[in-house]
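No hydrogens, no waters, no symmetry mates; every other heavy atom, side chains included, goes into these values.
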Amino acid sequence: MVSVTNVAGVAGAVGAVALAPVVLGAIGFTTAGITAGSYAAGWMSAAAIANGGGVAAGSTVAVLQSAAAAGLSLATKAMVAGAGGGVGAAAGYLSKFFYRK
């Protein structure tokens, strides 16, 4: 039997992987670099100031820009799918408390 929790978990996993590049672009991390005036530009500026003038390799800003420029690696896709699946499964489980027959 297919449960709402299972369906929501799969939908969350697929949706998270599919939407990750869209969300990165929307906040300013693009294949061409960080968009001027975006949230990403603000984060980059704050990271550079905090690090004495440059963005540290491996920092959140650097990792997100790398993901936007090169795409998500298989390992990153697996992590994003796991997180999205967990959120989807939790939402599916909790939905049974709101929709009773």
Could you go through residues 64-88 and list every donor-acceptor pair under 3.5 Å that involves a side-chain atom there, pairing it with any protein atom two or more places apart or in another chain?
unit_1: Gln65; atom_1: NE2; unit_2: Thr30; atom_2: O; d: 2.9
unit_1: Ser73; atom_1: OG; unit_2: Thr76; atom_2: N; d: 3.1
unit_1: Ser73; atom_1: OG; unit_2: Thr76; atom_2: OG1; d: 2.9

> ring-ring contact (aromatic ring centres under 6.0 Å, His included) with Tyr93: which residues, sequence neighbours excluded?
Replying inline: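 Result, ring-ring contact (aromatic ring centres under 6.0 Å, His included) vs Tyr93: Phe97.
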>> Give me the atom names and distance for the closest heavy-atom approach of Ser38 to Gly28.
In response: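 Heavy atoms of Ser38 and Gly28 come nearest at OG-CA, 3.5 Å.
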> How close do Val22 and Ala18 get, heavy atom to heavy atom, and via which atoms?
Replying inline: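 Minimum heavy-atom contact is CG2-O, 4.2 Å.
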Could you give the side-chain donor-acceptor pairs of residues 39-61 under 3.5 Å, partners two or more places apart or in another chain?
unit_1: Asn51; atom_1: ND2; unit_2: Gly54; atom_2: O; d: 2.9
unit_1: Ser59; atom_1: OG; unit_2: Ala56; atom_2: O; d: 2.9
unit_1: Ser59; atom_1: OG; unit_2: Ala62; atom_2: N; d: 3.3

